[in-house]
> 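Dumping the structure here so I can ask a few things about it.
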Amino acid sequence: MVGAKNCALVALVACLPAALLAAPATAAPTASMITHPQDDWAGSQIAIHEGRRSAAAIGADAISQPAASGPHFAGLDVSSHQGKVNWASVAANDGMFGYVKATEGSTYVNPYFAQQYNGSYAAGLVRGAYHFATPNTSGGANQANWFLGHGGNWSADGKTLPPALDLEYNPYGASCYGLSAVTLVAWVRAFVSQVHTKTGVWPTIYTSTSWWKLCMGNNASFGADPLWIARYNSVLGALPPGWQTWAIWQFADAGKLPGDQDEFNGTVADLRALANG
């Protein structure tokens, strides 16, 4: 055994523990890979990978809702990135619904969740909770359980939107989390099935058409889930396969409401129907 006094006389590697010298080529992913959950919100990676809309780009002082056929109205989504939200101001500016980030992976809980989730309800908004998926750190059912146990559960009160699953580019590495489309589809199905089993409602899926094509292989089997589509443009464009319509469109990451700007596709009655499962 090499003594401490002799370490300076031999090559450094000879004094290192064998476990460090023989690290495996690929380590099993763990929850410790999630190092900046406060920077991971719905659309944080969409803006990076697909671009964002700016007020200057559309010649306005603030980003406004895109024109849409049929009835529609404004909403938003927030996370710990926004901190405490003035929900009275949101309601005064015609915000009618919202999603609040509850969890990420199987360890993180938004420290502002109670203020954001309960405050939006008190201000009269129809609101729901969402989970930022990290499919390479733990299983789909495992993350669904963590989400449902930390704010993501659903109640049939007419003011709670279905639990939502945020699927977008990996903020910690490879866009598709180093997983094949087949593996990702199985992971999403496990999450969706667990939420449906536990709550009786199909969760909303947040994603972009580009990410779905790149990472989910354009799988068309999730059409029963309400679609929350991310596209920062004045034109929505094509939806991922399996969906004939969308429930919510996240069209910008800044605007008159705090957080990301969303539009609901339908009437107030349609929103209530979605909240009622």
Side-chain angles (χ1 to χ4, degrees), residues 34 36-37 39-58 63 65-69 72 75-77 79 81 99 101 104-105 130-137 140 143 162 164-192 202-255 259-265:
I34 301 173
H36 50 69
D39 296 326
D40 308 333
W41 61 85
S44 60
Q45 304 309 302
I46 302 294
I48 291 171
H49 290 265
E50 299 182 19
R52 53 170 43 90
R53 285 179 86 206
S54 68
I58 61 172
I63 294 172
Q65 277 183 266
S69 60
H72 61 280
L76 72 164
D77 57 273
S79 68
H81 188 73
Y99 265 109
K101 179 178 177 179
E104 179 173 339
Y130 78 85
H131 173 79
F132 193 100
T134 57
N136 60 333
T137 64
Q143 291 195 24
L165 174 61
D166 178 357
L167 295 165
E168 58 184 285
Y169 303 90
N170 179 11
Y172 299 98
S175 293
C176 303
Y177 298 86
L179 303 175
S180 69
V182 170
T183 302
L184 272 174
V185 167
W187 190 98
V188 174
R189 184 165 290 116
F191 185 102
V192 165
W202 294 108
T204 298
I205 290 182
Y206 169 97
T207 195
S208 76
T209 300
S210 295
W211 185 89
W212 197 264
K213 178 180 180 180
L214 176 68
C215 297
M216 295 286 284
N218 267 341
N219 184 276
S221 65
F222 292 93
D225 300 85
L227 176 62
W228 179 9
I229 188 72
R231 178 150 174 76
Y232 297 163
N233 203 303
S234 59
V235 178
L236 180 56
L239 302 179
W243 283 285
Q244 301 302 313
T245 189
W246 51 279
I248 298 170
W249 175 7
Q250 186 192 69
F251 62 87
D253 63 356
D260 301 309
Q261 311 298 291
D262 296 291
E263 172 181 316
F264 182 77
N265 183 20

> If every non-hydrogen atom of F222 is compared with every non-hydrogen atom of W212, which pair is closest and at what distance?
CD1-CZ2, 3.7 Å
> Is there a donor-acceptor pair under 3.5 Å between the side chain of W243 and the backbone N or O of D225?
yes
> Taking all atoms of both residues into account, what is the closest heavy-atom pair of A42 and D166, and its distance?
CA-OD2, 3.1 Å
> Below 4.5 Å, heavy atoms only, C-beta onward: do S44 and D39 meet side chain to side chain?
no
> Enter the distance from I46:CD1 to D260:CG here, rounded to the nearest 0.5 Å.
10.5 Å
> How long is the straight-line distance from OG of S208 back to CD of Q250, given to the nearest 0.5 Å?
10.0 Å
> Specify whether W249 and F251 have parallel, tilted or perpendicular ring planes, treating 30° as the upper limit for parallel and 60° as the lower limit for perpendicular.
perpendicular
> Nearest 0.5 angstrom please: L236 CG to E263 CD, how far?
9.0 Å
> Tell me the closest heavy-atom pair linking R189 and N219, and the distance in Å.
NH2-OD1, 4.2 Å
> Looking at K101, Q143, E104, which hits side chain to side chain donor-acceptor pair (under 3.5 Å) with H131?
Q143
> Pair F132, S79 - check side-chain contact (heavy atoms from CB on, under 4.5 Å), show working.
CA-CA 10 Å; F132 193 100; S79 68; over 6 Å; no
> Nearest 0.5 Å, please: how far is CH2 in W228 from CD1 in I205?
12.5 Å
> Can you list every pair that meets side-chain hydrogen bond (donor to acceptor under 3.5 Å, both in side chains) and has a residue in residues 167-185, with sequence neighbours left out?
H36-Y172, D40-Y172, E50-Y169, S180-T183
> Please report the interatomic distance CE(M216) to CH2(W211), rounded to the nearest 0.5 Å.
5.5 Å
> Return the set of residues passing side chain to side chain contact (heavy atoms under 4.5 Å, CB included) with T245 (not counting sequence neighbours), or none when no residue passes.
N265
> Could you tell me which non-hydrogen atom of A254 sits nearest to which non-hydrogen atom of Q261, and how far apart they are?
O-CG, 3.3 Å
> Heavy-atom distance under 4.5 Å between the side chains of Y99 and I248, does that happen here?
yes
> How far does SG of C176 sit from CG of N136, to the nearest 0.5 angstrom?
11.0 Å
> Can you see which heavy atom on A133 is nearest to which on L165, and at what distance?
CB-CD1, 3.7 Å
> Walk me through whether D253 and W41 qualify under side chain to side chain donor-acceptor pair (under 3.5 Å).
CA-CA 10 Å; D253 63 356; W41 61 85; over 6 Å; no
> What are the two closest heavy atoms between I229 and L239, and how far apart are they?
CG1-CD2, 4.4 Å
